[in-house]
Amino acid sequence: MVNALLDGLNEPQAEAVVHSGGPLLIVAGAGSGKTRVLTHRIAHLIGDRGAHPGEILAITFTNKAAGELRERLDELIGGRARGIWALTFHSACLRILRREASRVGLKSSFSVYDADDARRLLGHIVKDLHLDSKKTTPRWLASEISRLKNELISVEEAAEAANDAKATLVADIYREYDHRLRLADAVDFDDIIGLTVGLLRDFPAVAESWRRRFRHVLVDEYQDTNHAQYVFLRELVGTGEDASELSVVGDADQSIYAFRGATIRNILEFEKDYPNAKTVLLEQNYRSTQTILDAANAVIKLNSQRGPEKRLWSAQGQGPTIQGFNAESDGGEATWVANRIDDLVDDGETTFSEVAVFYRTNAQSRAFEEVFIRRGIPYKVVGGVRFYERKEIRDLLAYLKLTVNPDDTVSAQRVINVPKRGLGDKAVGAVAQYAAANDVSFAAAARAVDDIAMTPRARNGVKKFTDILDKAAKLAETAGPDEVLEQVLADTGYLEELSASKDPRDESRVDNIQELISVAHEFSTKADEDAENDTATFLEQIALVADSDQIPEEQGQVTLMTLHTAKGLEYDTVFLTGMDDGMFPHERSMGKSEDLEEERRLAYVGLTRARQRLFLTRASTRSVFGTPQFFAASRFLGEIPGGLVEWSDSTPPSKPVKFGRTPSFGQPIAMKDPGDVPVVTAGDKVEHAKWGEGKVVETKGSGPRAQARIDFGVGDPKWVILRLAPLTKVDS
Ligand SMILES: Nc1ncnc2c1ncn2[C@@H]1O[C@H](COP(=O)(O)OP(=O)(O)OP(=O)(O)O)[C@@H](O)[C@H]1O
Ligand SMILES: [Mg+2]
């Protein structure tokens, strides 16, 4: 057994696998087998050290990664792997919370609010407190409160620490938000971790029993843990005599979730936090060619905030040179990428499923999708607007959530008048007011509708709503989520409303609902013996899907995703696109050096996903909100040694394209020579080929970025890029 598990591991890897006793830290660069070591270590614990699978908690960054870990273990040690908890932080803490709910003041049927629910709840609060929702946006509040929760700062501590108007406002809303969450018997994502920490801290006996249960805790991607997750691990594992064995693997250079509170501190100071820790360094990369590694190393070297110096090397040889392409437009960039993919697949060099296209932000997928559809290149976009974020799906899930937790206020307010039941804002407001005055949940208030002043028609509507909920809740006691959904659809007339609609989008909504019912049906009839298949579990699974959980299982599709989602994955062929300053590094991150370093780590993550072939592409103009804008090459490109990349350019534009529409693919828009760019100032008269005569209102930028806002007498004044616009100055 020992040999079988250690076969195919190098010396430090094997050392990490068999290490026993104190805490273990494996720090190493990308592709050095960290995840592989973790998997082998678990197999070793069970196979050679006699650990019971139930004693193992393995924390991965996504549910998909957890699934893969289980699969790999199945290969290594067979069915015995089933009892281990291979979960994300959120799934693991949620399981613990469900079992101990009453101790933290929750019912075991509590709801999980995702980001959208949380923002809605904050929206209600902003409205009820008569705050300006443009200045105090729910999105901003959500991120402020999330930051506090990730730091484990309680409502009281936030209020105490608040020393200016802004912090006081946030603290006040934090208090109200938490109060309303508890009234709704709901937790948000950050609470899942925070409440579990509270549980372990406040109930030493509970902490001890979980510690006895999980004798081995293993964490992948440790560099992306935030403070709350760090404390959770500490509390769970313990530090005394009875501490469990903690093994973490990570790479400070791949920490890319600072915006969610992740802090490299956790990995940099592991040895301080756990003084008897053993540290293992891995230096051989098994994933990529030396060329790819050289490029990645050259970029990351420029960061000042780093872990121990790593010398990552590959035995795979130099491999092909990196290919770079300077496109004139984002459409041209996408066309070039499609051409390369077609060539590689035609030549039998790779398959579609071994190709990934990365970009910085979700919106960038559109240009690629358009070209791929035209070309018949099969693809799948990971992330973006997700199935479970669609309106009709969220509506139905709201009903489903209410069957499990009748106090779920955000869900109740969402669907009390969906489909329409003759309830105006006034009636809904009256119910909400009653709820606030009596400190009960919205749905509880709806049930007391006889005590609330409103028109008989509205009262009837409310009663119809609570009747539907009661009936659905009753069915949910014995039936699966698919049957409950079908009954809700029948009772509410939701489908009829969609069918009667003339909006063409409503047709696809009906398809989506069908899809949801199929998913629910599949879930309900799942044969897996130890799987729970009640509605609450179904909802939980949906609430915790992460972007990278949707990576295609079926073969034969190119994968399109953001760089953040690409973490931990690998592909034969990788296209890193949108390599323009302002796109990547992202515009918002170019100011502060620590933000720029985070972007550089993201570049490092992207570059190191490639096994064989790496392509870097950019475009000098991109359509931003329908208007072409000029971009300079990403500074990261300049950081890669020239000899590693072979650049090519698109052919210069032959004929000018009319300004004012998105440049079409492969048809770059014309740019004036610098000498021909009109120089204008406010007050100047100009003539535009399409819009006619206008007057310059203001100007900004200089050189190739010079822009002017021009009033053409119709609509709002328009911003144009002087280098691109078919515009001449008119002497007056
Ligand atoms: N000793 C080894 N022999 C052969 N292949 C290996 C060895 N160690 C790792 N690999 C392979 O190298 C690739 C990278 O390994 P793995 O994904 O575990 O690296 P990682 O350090 O977790 O990377 P990342 O930092 O990107 O998460 C995988 O395909 C893995 O199977
Ligand atoms: Mg990994």
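Indexing begins at 1, ligand by ligand and atom by atom, following the structure's order. Source: prediction; values computed, not measured.
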(request) Answer yes or no: are there more than 12 heavy-atom neighbours, outside Glu283 itself, under 6.0 Å from its atom CD? (result)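 Atom CD in Glu283 is crowded, with more than 12 foreign heavy atoms closer than 6.0 Å.
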(request) Say whether Ser32 and ligand 1 are in contact under the criterion: heavy-atom distance to a ligand atom below 4.0 Å. (result)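 Right, Ser32 reaches ligand 1.
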(message) Under 4.0 Å, counting heavy atoms only: does Gln284 come that close to any atom of ligand 1?
(response)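 In this structure, Gln284 fails to qualify as a contact of ligand 1 - no heavy atom is under 4.0 Å.
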(message) Over 60° means perpendicular and under 30° means parallel, so tell me whether Phe368 and Tyr359 are parallel, tilted or perpendicular.
(response)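 Phe368 and Tyr359: parallel rings.
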Within the 4.0 Å heavy-atom shell around [X], which atoms of ligand 1 are there?
| X | answer |
| --- | --- |
| Gly8 | 1 (N), 2 (C), 3 (N) |
| Leu9 | 1 (N) |
| Gly568 | 27 (O) |

(request) Could you tell me whether Glu55 and Arg213 have a side-chain N and a carboxylate O separated by less than 4.0 Å? (result)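 A salt bridge is absent here (no side-chain N lies under 4.0 Å from a carboxylate O).
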(request) Taking only Lys NZ, Arg NE, NH1 and NH2, and the carboxylate oxygens of Asp or Glu, determine whether Glu354 and Arg611 approach each other closer than 4.0 Å. (result)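 Between Arg611 and Glu354 there is a salt bridge, with a charged N closer than 4.0 Å to a carboxylate O.
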Would you give the length of the straight line joining atom [atom1] of [X] to atom [atom2] of [Y], rounded to the nearest 0.5 angstrom?
| X | Y | atom1 | atom2 | answer |
| --- | --- | --- | --- | --- |
| Glu598 | Phe259 | CD | CZ | 7.5 Å |
| Glu333 | Gln364 | CD | CD | 8.0 Å |
| Thr263 | Leu268 | OG1 | CG | 7.5 Å |
| Leu218 | Ile42 | CG | CD1 | 5.0 Å |
| Asn150 | Arg260 | CG | CZ | 9.5 Å |
| Asn362 | Leu560 | CG | CG | 10.5 Å |

Residue, atom name and distance, where the atom is the protein heavy atom closest to [atom]:
| atom | answer |
| --- | --- |
| atom 20 (P) of ligand 1 | Lys34 N, 3.4 Å |
| atom 19 (O) of ligand 1 | Gly33 N, 3.0 Å |
| atom 17 (O) of ligand 1 | Arg287 NH2, 3.1 Å |
| atom 12 (O) of ligand 1 | Tyr286 CB, 3.2 Å |
| atom 31 (O) of ligand 1 | Arg36 NH1, 3.1 Å |
| atom 23 (O) of ligand 1 | Gly31 N, 2.9 Å |

(request) Start with the C-alpha distance between Glu235 and Arg211, add both sets of side-chain angles, then the distance that settles salt bridge (charged side-chain N to carboxylate O under 4.0 Å, His left out), and finish with yes or no. (result) CA-CA 9 Å; Glu235 297 292 332; Arg211 188 171 309 144; 5.4 Å; no
(request) Give every protein N, O or S atom lying under 2.8 Å from the Mg ion (ligand 2), naming each by residue and atom. (result)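 Listed by chain and number, the nearby protein N, O or S atoms are Thr35 OG1.
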(message) According to salt bridge (charged side-chain N to carboxylate O under 4.0 Å, His left out), does anything in residues 24-45 pair up with another residue at least two apart or in another chain? List the pairs.
(response)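 Checked against salt bridge (charged side-chain N to carboxylate O under 4.0 Å, His left out) - neighbours excluded - the pairs reaching residues 24-45 are Arg41-Glu245.
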(request) Have a look at Arg609, Glu570, Gln254 and point out the one with the heavy atom closest to atom 13 (C) of ligand 1. (result)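 The residue whose heavy atom sits nearest atom 13 (C) of ligand 1 is Glu570.
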(message) Heavy-atom distances under 4.0 Å decide this one: backbone, side chain, both or neither, for Gln13 against ligand 1?
(response)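 For Gln13, the contact with ligand 1 is made by the side chain alone.
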